[in-house]
> 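Could you have a look at this structure, given as structure tokens, before my questions?
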Amino acid sequence: MSIALLGLAACMVLTSLAMLKNMLTQKLGSLRDPLQVYNTLQSIDVLPLRMRGWIFSTIVGFANPYARTINFRITELRKGKACGVMKETKTISNPFRCVHAAALITFGETVGGLALFTLLGKKDRAILTNITAEYIKVSRGLLTASSIVTPIKDRDATEITTHVLIKDASFETVSKLTLTWKVDLKD
Ligand SMILES: *[C@@H]1O[C@H](CO)[C@@H](O)[C@H](O)[C@H]1NC(C)=O
């Protein structure tokens, strides 16, 4: 690689780190527009794909510190949709070698929250008030979560219910989550 290219790559990494720092100095609201952050990262071609994924997860981790307890990556984020993967690790497994129920909840809340936030404006607020999980199958290995939220038509709504589906590597549903959000839509 030429020096110029290396310089450019270093510059891009620094830019991303600066962006990360900006995110850090703000609070949870930093991820009020997760889609913009995600798309910006995706457009930085010189950053390896893995690094973009890692940076985004790290940003999510700062906005929602509890998400740092699980090893996850967001694989898709667009208006009204979020998908992610979570790897089973020793720390999130219980003695029966399956993913702990609380880790599934954290994973589901993270993906479900991102999906909803893609539909919110800068001044809109959403707080999780109820989360229920149905455990359908023992969960092991690599899990994927997806959440699709229909566009919010009723701007006077005070409550929104969303769903997250968690599947295992053989595409079988291991858990279904229902999330209720108290919303304050201003935009
Ligand atoms: C929480 O959500 C579940 C599933 O939608 C529902 O059955 C339950 O009644 C809710 N609990 C409260 C306190 O609203």
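Just follow the structure's listing: the first ligand is 1, and inside any ligand the first atom is 1.
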> Which pairs, with at least one residue in residues 45-66 and sequence neighbours excluded, count as a salt bridge (Lys or Arg N to Asp or Glu O under 4.0 Å)?
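For residues 45-66, and leaving out neighbouring residues, there are no salt bridge (Lys or Arg N to Asp or Glu O under 4.0 Å) pairs at all.
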> Show me, pair by pair, the donor-acceptor contacts under 3.5 angstrom made by side chains of residues 113-126, not counting sequence neighbours?
{"unit_1": "Thr118", "atom_1": "OG1", "unit_2": "Gly80", "atom_2": "N", "d": "2.8"}
{"unit_1": "Thr118", "atom_1": "OG1", "unit_2": "Ala115", "atom_2": "O", "d": "2.6"}
{"unit_1": "Asp124", "atom_1": "OD1", "unit_2": "Lys186", "atom_2": "N", "d": "2.6"}
{"unit_1": "Asp124", "atom_1": "OD1", "unit_2": "Asp187", "atom_2": "N", "d": "3.0"}
{"unit_1": "Asp124", "atom_1": "OD2", "unit_2": "Gly121", "atom_2": "N", "d": "2.7"}
{"unit_1": "Asp124", "atom_1": "OD2", "unit_2": "Arg155", "atom_2": "NH2", "d": "3.1"}
{"unit_1": "Arg125", "atom_1": "NH1", "unit_2": "Lys123", "atom_2": "O", "d": "3.2"}

> Can Ile74 be reached from Tyr66 by stepping across I, L, V, M, F, W or Y side chains whose heavy atoms are under 4.5 Å apart?
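As far as the 4.5 Å side-chain criterion goes, Ile74 and Tyr66 are not connected within one cluster.
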> Ser147 side chain to Ala82 main-chain N or O, any donor-acceptor pair under 3.5 Å?
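Pair absent, no side-chain N/O of Ser147 close to backbone of Ala82.
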> Sort out for me which residue in Leu143, Thr75, Val111 forms a side-chain contact (heavy atoms from CB on, under 4.5 Å) with Val85.
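Of Leu143, Thr75, Val111, side-chain contact (heavy atoms from CB on, under 4.5 Å) with Val85 is met by Thr75 alone.
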> Output a table of donor-acceptor pairs, distance under 3.5 Å, between side-chain atoms of residues 165-179 and any protein atom two or more places apart or on a different chain; print 'none' if there are none.
{"unit_1": "Asp168", "atom_1": "OD1", "unit_2": "Ser170", "atom_2": "N", "d": "3.0"}
{"unit_1": "Asp168", "atom_1": "OD1", "unit_2": "Ser170", "atom_2": "OG", "d": "3.0"}
{"unit_1": "Asp168", "atom_1": "OD1", "unit_2": "Phe171", "atom_2": "N", "d": "3.3"}
{"unit_1": "Asp168", "atom_1": "OD1", "unit_2": "Glu172", "atom_2": "N", "d": "3.0"}
{"unit_1": "Asp168", "atom_1": "OD2", "unit_2": "Lys137", "atom_2": "NZ", "d": "2.6"}
{"unit_1": "Ser175", "atom_1": "OG", "unit_2": "Glu134", "atom_2": "O", "d": "3.0"}

> Near ligand 1, which residues have a heavy atom under 4.0 Å away from one of its atoms?
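Ligand 1 is contacted, at a heavy-atom distance under 4.0 Å, by Asn130, Thr132, Thr178.
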